[in-house]
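What follows is a short report on a single structure.
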Amino acid sequence: MRQDQGTPGASFMANDTAGSIRVRFAPSPTGHPHVGNIRTALFNWLFARHGGGTFLLRIEDTDTARRVEGAVESITDGLQWLGLDWDEGPVFQSDRLPLYRDAADALIQRGAAYRCFCTPERLEQVREDKARQHLPPRYDGRCRDLDPAEVSSGITSGTPSVIRFKTPRHGETTFEDLIRGPVTFENATLNDYVLLKSDGYPTYHLANVVDDHDMRVTHIMRADEWISSTPLHVMLYSSFGWNPPQFAHLPMILGPDKAKLSKRHGATTVIEYREQGYLPEALFNFLALLGWSLDDKTELFNRNELVKAFTLERVGKTAAVFDRTKLDWMNGVYIRALDIEEFAHHAMPFLERDLPESVPRPIDRQYARRVLTLLQERTKVLSEVAELSTFFFEDAVSYPEQQLIQKGMDASKVQQVIRTVLAAVDGLEKWEAETLESSIRPICEQLGLSPRQVFGVLRVAVTGRTAAPPLFDTMEVLGRSHCLSRLTIAYRRMEDSWSAEIG
RNA sequence: GCCCUCAUCGUCUAGAGGCCUAGGACGCCAGCCUUUCAAGCUGGAGAUCAGGGGUUCGAAUCCCCUUGGGGGCACCA
């Protein structure tokens, strides 16, 4: 069977025996990758895997000031956690400095770039002037046509300088975006961008173009915040005499306030999602649906289905708001789909981490497994598993005693229920849900109470909660002695309440 | 301010001229199930397809304008 037509790029590449698809994820190590970055990585990965291509990882560490310790590990951890494996790299741009310097020099030779000695102070001044005149804050081109003698004297005297691109003052630059179609910019609205900084490091623009060419990248898929610098990149390719890759600018991911997603929107990094108990498959699935869809109904995809279904022409143009509630739902779906061993495997670390300190460690795995069985369909995120189950692990349970008294009952009635249950359960051979139920349920009728009332009393007595897993299953897992003692305690508390009422 | 870009329920989206009195999902509401909570099932509210002009026998779908949102305008990426 033939693969589907794929993307314009894919069908183009199909005729190009020289190379298959090569895409890259190229983050800068300035912090933990957030979901927007990772979504970009995911789309690149899906595109590569769908087309049998290559997925590269490149670290754009050309900003020495913003570099953050541990960021690279954070990036690779995040990718690995989501199962986004890369075929080449990571390549570090900081290891390739000579490449960019040579490239910048070559551009100067060709008259496509020039050296600029303007100080940061002067640039600031220029910006202010432009702002005052309500003009775009662009470089004024003072060094654009410097006398060669001035340039060489500047260099020999060691004056700090940068290399700027000599952006044409006329004409326009157009590129074909795979997602948006043709995009055109007036060259006159563009800046003389810095290519090589005074510290010898390239800017993003230069390094990006040089590397994508050097690494034979066929498709650049990145967030659409990059659209405005694409004309420069196109001009760079052309100045170097290289064929540009294809461009596909992905819609952005927004916060609930519709602004570009950032830290102030709360949890945004992949690590945070892991720590809050989201399953990688769920986040993977959810992220894939932010800016891409298959049809009008399918939402649940596993990894392979996504790889098979993913194409660029199904990528949308509109920015998407990251909706946590829907992620929660989807995570619940994935949690419920786990078999109990898998669920226990995922949940154990959260119990170890989040259960009260008073609970002895390590947590008894066999017991926890039984507890978790009751919790699975009730959990949306793993981080709530401890909270949902503390009463299974702590010795005593606390609650306002009023909660024992169900609607239409009083303290003495509650006592009657507990007394009767205690008696009924006394000689029980097996402390199992089934036998518990068959001995307790008849008590409702016997005392003229509803199951809701009777079970309600027992639930609060035994779990300290008004909401918990099914009562008899809970009692079975909790065990005879805990149940009995908690029932007894509840009985005594009603005693106090009873005498308090009388007195 | 200038440039680019986007525009369907609160949110994610389907829709590539007649199948749309606009479909699905999350969330919300109600009912069922039921010992509570979940889960599940059923039903419901929710979008005059941003507004206005065209084109067409016919427009959410094509064109133009307006408005609104987003992004960019650094020796950051």
Side-chain angles (χ1 to χ4, degrees), chain A residues 26-30 60-63 65-66 116 118-120 123-124 127 130-131 133-139 160-164 177 180 183-186 188-191 193-205 207-208 222-231 249 251-252 254 256 258-260 286 289-300 313 316-330 332 336 374-380 388 406 437 440-441 444 450-460 463 465-472 474:
Chain A
S28 64
T30 53
E60 311 225 317
D61 55 348
T62 55
D63 186 343
R66 289 206 311 155
C116 169
C118 292
T119 63
L123 295 177
E124 183 52 36
R127 263 191 294 273
K130 299 274 183 184
Q133 299 169 62
H134 298 291
L135 291 170
R138 275 176 271 137
Y139 177 59
S161 66
V162 302
I163 293 177
R164 285 180 185 276
D177 191 279
R180 285 152 219 280
V183 181
T184 302
F185 287 78
E186 294 280 336
T189 66
L190 272 21
N191 204 349
Y193 304 93
V194 171
L195 264 22
L196 200 71
K197 304 181 239 181
S198 57
D199 65 359
Y201 277 75
T203 58
Y204 168 81
H205 306 294
N208 177 264
R222 75 232 301 189
D224 72 23
E225 57 189 323
W226 292 106
I227 285 184
S228 49
S229 46
T230 304
H249 287 97
M252 305 245 301
L254 277 21
K258 306 238 184 190
K260 184 174 168 179
F286 182 74
L289 257 19
L290 251 33
W292 176 88
S293 66
L294 176 63
D295 53 32
D296 60 341
K297 7 208 77 127
T298 326
E299 300 205 278
L300 266 12
E313 56 264 332
K317 300 176 181 180
T318 61
V321 172
F322 190 92
D323 180 11
R324 271 291 274 276
T325 28
K326 187 156 184 177
L327 205 212
D328 284 350
W329 162 75
M330 192 172 278
R336 276 172 256 131
L374 300 180
L375 256 41
Q376 184 168 5
E377 74 172 12
R378 292 169 173 74
T379 110
K380 282 202 168 81
L388 287 171
Q406 304 299 299
E437 177 159 10
I440 295 175
R441 190 176 284 277
C444 305
S450 68
R452 188 187 196 90
Q453 291 172 305
V454 173
F455 299 168
V457 170
L458 301 181
R459 177 173 305 104
V460 172
T463 69
R465 311 273 179 102
T466 52
L471 179 62
F472 302 111
T474 300

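Letters A, B, ... mirror the listed sequences (proteins, then strands); counts begin at 1.
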Residues A:Asp224, A:Lys317; criterion salt bridge (Lys or Arg N to Asp or Glu O under 4.0 Å); working and verdict
CA-CA 9 Å; A:Asp224 72 23; A:Lys317 300 176 181 180; over 6 Å; no

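- Searching all strands for a Watson-Crick or G-U wobble partner of B:U21 with both distances below 3.5 Å returns nothing.
- Looking at A:Asp295, its side chain does come within 3.5 Å of a backbone N or O of A:Thr298 through a donor-acceptor pair.
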Does A:Arg378 form a side-chain contact (heavy atoms from CB on, under 4.5 Å) with A:Arg336? I'd like the steps, not just the answer.
CA-CA 9 Å; A:Arg378 292 169 173 74; A:Arg336 276 172 256 131; over 6 Å; no

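- What separates CZ of A:Phe185 from P of B:C3 is a distance of 11 Å, to the nearest Å.
- Pairing for B:C41 is with B:G31, a Watson-Crick or G-U wobble pair whose two hydrogen-bonding atom distances lie under 3.5 Å.
- Of the C1' atoms belonging to B:U8 and B:C20, the separation is 12 Å, rounded to the nearest Å.
- With contacts defined as side-chain heavy-atom distances shorter than 4.5 Å, the pair A:Ile440/A:Phe455 qualifies.
- Residue contacts for A:Gly316: at a heavy-atom cut-off of 4.0 Å it reaches no nucleic acid atom on any strand shown.
- Residues A:Leu195 and A:Pro202 have side chains not in contact (no heavy-atom distance under 4.5 Å, counting atoms from C-beta outward).
- Remark: B:G46 base-pairs with no nucleotide in the shown strands. Criterion, Watson-Crick or G-U wobble with two distances under 3.5 Å.
- Note: A:Thr62 OG1 to A:Asp199 CG = 9.0 Å, rounded to the nearest 0.5 Å.
- For the C1' atom pair drawn from B:C28 and B:U67, the interatomic distance equals 30 Å after rounding to whole Å.
- Using a distance-only test at 3.5 Å, with no hydrogens or angles considered, no donor-acceptor pair links the side chain of A:Asn191 to the main chain of A:Tyr193.
- Using C1' as the reference atom, B:G17 and B:G54 are 15 Å apart when rounded to the nearest Å.
- Judged by Watson-Crick or G-U wobble contacts below 3.5 Å, the nucleotide B:A60 has no partner.
- One finds the CZ atom of A:Arg127 at 11.5 Å from the OH atom of A:Tyr139 (value rounded to the nearest 0.5 Å).
- Taking atom NE2 of residue A:His134 and atom C1' of nucleotide B:C2, one finds them 12 Å apart after rounding to whole Å.
- Using the Watson-Crick or G-U wobble rule with both distances under 3.5 Å, B:U67 pairs with B:A7.
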Taking protein heavy atoms under 4.0 Å as touching, what does nucleotides 31-40 of chain B look like 5' to 3' if B marks base contact, S marks sugar-phosphate-only contact and - marks none?
----BBBBSS

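- Nucleotide B:C2: paired with B:G72 (Watson-Crick or G-U wobble, both distances less than 3.5 Å).
- Using a distance-only test at 3.5 Å, with no hydrogens or angles considered, no donor-acceptor pair links the side chain of A:Thr189 to the main chain of A:Phe185.
- Annotation: B:U61 and B:C4 have their P atoms spaced 23 Å apart (nearest Å).
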Contact string for nucleotides 66-77 of chain B, one letter per nucleotide 5' to 3', B = base within protein heavy-atom range under 4.0 Å, S = sugar-phosphate only, - = neither, reads ----SSSBSBBB

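- Regarding A:Asp323, its CG atom lies at a distance of 12 Å from the P atom of B:C26, rounded to whole Å.
- With hydrogens and angles ignored, no donor-acceptor pair under 3.5 angstrom links the side chain of A:Lys317 to the base of B:A7.
- By the ring pair (Phe, Tyr, Trp, His ring centres under 6.0 Å) test, A:Phe322 is found to be paired with A:Tyr273, A:Phe286, residues two or more places apart in sequence or in another chain being considered.
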